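Each ligand, and each atom within it, is numbered from 1 in the order the structure gives. Just so it is clear, the values below take in all heavy atoms, side chains as well, and ignore hydrogens, waters and symmetry mates. The structure presented is a predicted model; accordingly, all values stated were derived computationally and were not measured.
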Amino acid sequence: MINLTLLGATGSIGKSTLAVVDLHPDQFNVFAISAHTNWQQMLELCKKYQPSFVVMTDENAAAQLTQQIQDKTVVLVGAKALDEIASHTQTDYVMAAIVGAAGMSSALAAAQAGKRIMLANKESLVLAGDIFMQAVKDNQAELIPVDSEHSAIFQCLQGGRSGLKKIQLTASGGPFLHTPLEKLVNVTPDQACAHPNWSMGRKISIDSATMMNKGLEVIEAHYLFNLSSEKIDVVMHPQSIIHSSVYFEDGSTLSQLGNPDMRSVISYAMSYPNRIASGVPSLDLTQNSPLEFYTPDFEKFSCLRLAFEALKQSGSSMGTMNAANEVAVDSFLKGRISFLDISTVIEKTLNEAEHFYPSTLSEVIHNDQSARAIADKIIKSYA
Ligand SMILES: NC(=O)c1ccc[n+]([C@@H]2O[C@H](COP(=O)([O-])OP(=O)(O)OC[C@H]3O[C@@H](n4cnc5c(N)ncnc54)[C@H](OP(=O)(O)O)[C@@H]3O)[C@@H](O)[C@H]2O)c1
């Protein structure tokens with residue numbers, strides 16, 4: 001029986017992970033789960049899975065849950081407790097599915113404890129890729145990507161990387177693939193969250209609409225597969241059937257295909273190197289033709305351009321970009337700035353922030369905080 005610690009249990013990835021667990025109760029035990037504020041859903045999950053530990057990072061939510069809980073589950077509170085359950089000696093696998101920079105420390109704790117990390121929280125690599133990958137190496141942790149594109153590349157590289165020429169991440173283009181730039185001025189958060197293929201949390205849905213999500217994935221791919229930005233390509237593919245491809249020197253291309261459903265990716269990470277049922281039906285290619293492909297529009301999707309630039313500049317730029325994006329997306333969701341302001345806020349923050357090469361986690365966190373303060377100041381100036 002594999003003991004699973006699920007960070008971000010109430011989220012979109014968290015729910016899909018539990019759906020896979022439900023198919024294989026003889027193989028996986030839900031050992032620990034976490035959420036931020038949603039104590040009501042956590043109460044239901046505790047009743048169903050009887051985990052040993054539950055972490056609520058929000059204090060009020062933890063108090064509410066503690067009052068209501070009747071099982072033997074221990075309720076822990078605060079961000080530090082995430083590190084504890086991620087590195088607990090009884091934890092075998094960690095699903096790192098907290099959204100945003102808040103998920104970085106616990107993912108790193110899992111790496112330092114030598115766990116199998118199923119990494120959905122791409123921000124861990126964007127903010128602290130060098131530190132994170134070193135911790136994985138030093139502690140013989142096992143890092144399995146939980147992002148459909150990176151899982152696809154990981155799967156395509158199972159035969160080795162001899163003659164590897166480049167990788168190509170596919171991008172659906174989100175809800176605005178065919179919307180002209182000038183029509184994006186007045187889009188609402190609900191319009192931007194209405195992804196045509198994937199059902200995801202609101203923050204990543206906005207990132208998909210701006211294509212910052214693809215930008216973060218380019219950086220994620222750089223660290224996961226140790227490739228320079230010149231060897232990472234992006235192609236628009238609205239059907240999201242080809243999840244990504246690897247190009248080889250001999251003219252061959254390997255791609256991984258499937259229905260757009262994260263349960264396939266999650267079950268692969270949970271069963272690697274084997275495969276188990278995920279609940280996702282097999283692909284019927286006759287129902288998905290034609291498959292379309294386009295070159296990305298870097299002017300309309302300026303967040304993708306900014307991510308490539310931040311990766312080339314390296315160092316603190318990637319964390320600065322991520323922090324400014326988190327602040328800007330939150331402000332957009334709250335109606336404080338427009339959709340197109342998101343990339344402007346990020347670019348201005350990058351121009352204003354100090355550029356350096358963080359070598360410790362505290363430097364990474366310091367940079368994240370100062371970039372957030374700069375982005376906040378820029379957004380206030382819009383009011
Ligand atoms: N969704 C996808 O299809 C998908 C695909 C690939 C990669 N990812 C990545 O996976 C991660 C999770 O995405 P998601 O779509 O599942 O997000 P989501 O639905 O928004 O869920 C986020 C989870 O994180 C918790 N959380 C939020 N803020 C937190 C904080 N400050 N401290 C601790 N926990 C916090 C939430 O708890 P509450 O519910 O209590 O707020 C929830 O459990 C992201 O990094 C995303 O980029 C997602």
Side-chain angles (χ1 to χ4, degrees), residues 5-19 32-45 54-62 64-65 76-83 85-86 94-107 109 117-127 144-152 154 169-172 174 193 195 197-208 210-217 219-221 224 240 243-244 258-266 268-269 280 322 325-326 329-330 333 368 372:
T5 285
L6 174 48
L7 305 170
T10 49
S12 163
I13 294 287
K15 286 178 196 154
S16 295
T17 304
L18 291 170
I33 52 178
S34 88
H36 187 40
T37 54
N38 193 345
W39 64 269
Q40 296 93 334
Q41 202 185 323
M42 286 299 259
L43 188 59
E44 295 308 311
L45 295 181
V54 48
V55 174
M56 297 302 306
T57 38
D58 180 84
E59 276 183 33
N60 291 333
Q64 294 275 10
L65 184 65
L76 302 172
V77 58
K80 272 261 157 255
L82 296 172
D83 298 4
I85 58 169
V94 176
M95 172 59 78
I98 289 173
V99 65
M104 178 180 63
S105 173
S106 48
I117 311 145
M118 303 182 281
L119 189 68
N121 179 269
K122 55 194 83 173
E123 295 85 353
S124 299
L125 290 174
V126 173
L127 266 78
I144 319 268
V146 176
D147 219 341
S148 61
E149 296 76 3
H150 306 78
S151 175
F154 185 76
L169 306 179
T170 47
S172 71
C193 280
H195 198 284
N197 307 337
W198 297 94
S199 158
M200 306 179 287
R202 277 172 86 75
K203 193 269 178 181
I204 186 176
S205 296
I206 302 297
D207 285 349
S208 294
T210 61
M211 284 199 71
M212 177 53 89
N213 185 48
K214 206 52 51 184
L216 297 175
E217 287 177 8
I219 297 170
E220 187 183 4
L224 282 173
S240 300
H243 295 154
S244 278
N259 285 311
D261 187 319
M262 287 304 289
R263 288 175 299 167
S264 295
V265 176
I266 291 165
Y268 185 72
V280 180
N322 181 70
N325 181 55
E326 286 191 20
V329 169
D330 187 56
L333 284 170
D368 178 71
R372 280 168 200 273

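- Side-chain contact between Phe154 and Leu224 is absent, with no heavy atoms from C-beta onward closer than 4.5 Å.
- Proximity of a side-chain donor or acceptor of Thr170 to a complementary backbone N or O of His243 within less than 3.5 Å is detected.
- For the residue pair Thr37 / Asp58, no side-chain donor-acceptor distance below 3.5 Å is found, with atom types taken as modelled.
- Counting only heavy atoms from C-beta outward, the side chains of Leu216 and Asn322 approach each other to under 4.5 Å.
- Considering both main-chain and side-chain atoms, Asn213 never comes within under 3.5 Å of ligand 1 through any nitrogen or oxygen pair.
- Where the criterion is an N or O separation shorter than 3.5 Å, residue side chain and backbone included, Thr10 meets it with respect to ligand 1.
- In Thr37, the parts holding a heavy atom less than 4.0 Å from any atom of ligand 1 are both the side chain and the backbone.
- Annotation for ligand 1: atoms under 4.0 Å from non-hydrogen atoms of Ala120 are 7 (C), 8 (N), 9 (C), 10 (O), 45 (O).
- In terms of polar-atom proximity, Ser34 is not counted as a contact of ligand 1, lacking any N or O under 3.5 Å from an N or O of the ligand.
- For the pair Ile266 and Met95, the minimum side-chain heavy-atom distance is below 4.5 Å.
- In terms of protein heavy-atom proximity, atom 45 (O) of ligand 1 is closest to Glu123 OE1, 2.9 Å.
- The N/O atoms of Ile13, backbone and side chain alike, include one that comes under 3.5 Å of an N/O atom in ligand 1.
- Atom 47 (O) of ligand 1 has its closest protein heavy atom at Lys122 CE, 3.3 Å.
- Taking any N or O of Gly11, backbone or side chain, at least one lies under 3.5 Å from an N or O belonging to ligand 1.
- The nearest pair of heavy atoms linking Ala107 to Ile117 is O-CD1, 4.3 Å.
- Scanning the protein for heavy atoms near atom 32 (N) of ligand 1, the closest one is Thr57 OG1, 3.5 Å.
- With a 4.5 Å cut-off on side-chain heavy atoms, His150 and Val265 do not count as touching.
- Closest non-hydrogen pair, His36 versus Ala61, comes out as O-CB, 3.8 Å.
- Using a 4.5 Å heavy-atom cutoff, the side chains of Lys203 and Asn325 are in contact.
- Near Asn38, meaning under 4.0 Å from any of its heavy atoms, are these atoms of ligand 1: 39 (O), 40 (O).
- Only the side chain of Ile204 comes within contact range of ligand 1, with a heavy atom under 4.0 Å; no backbone atom does.
- For Ala9, the closest heavy-atom approach to ligand 1 falls below 4.0 Å.
- When side chains are defined from C-beta on, Glu123 counts as touching Glu326, because their heavy atoms get closer than 4.5 Å.
- Residues Gln64 and Leu43 have side chains not in contact (no heavy-atom distance under 4.5 Å, counting atoms from C-beta outward).
- Among protein heavy atoms, the minimum distance from atom 6 (C) of ligand 1 is reached at Asp147 OD1, 2.9 Å.
- Polar contact check, Ser12 against ligand 1: a nitrogen or oxygen pair lies under 3.5 Å apart.
- For atom 17 (O) of ligand 1, the nearest non-hydrogen atom of the protein is Val99 CB, 4.0 Å.
- Between the side chain of Ser34 and the backbone N or O of Gly8 there is at least one donor-acceptor pair closer than 3.5 Å.
- Residue Val146 has no N or O atom closer than 3.5 Å to an N or O atom of ligand 1.
- The protein heavy-atom contact nearest to atom 15 (O) of ligand 1 is Gly201 N, 3.1 Å.
- Nearest non-hydrogen protein atom to atom 31 (N) of ligand 1 is Ala102 CB, 3.4 Å.
- By the 4.5 Å heavy-atom criterion applied to side chains, Leu119 and Pro145 are not counted as neighbours.
- Ranking the protein heavy atoms by distance from atom 11 (C) of ligand 1 puts Ile98 O, 3.7 Å first.
- In Met262, the part holding a heavy atom less than 4.0 Å from any atom of ligand 1 is the side chain.
- Here the side chain of Asn121 pairs a donor or acceptor atom with the backbone of Ile98 at under 3.5 angstrom.
- Ligand 1 places these atoms under 4.0 Å from at least one heavy atom of Asn121: 45 (O).
- Every heavy atom of Lys203 sits 4.0 Å or more from the atoms of ligand 1.
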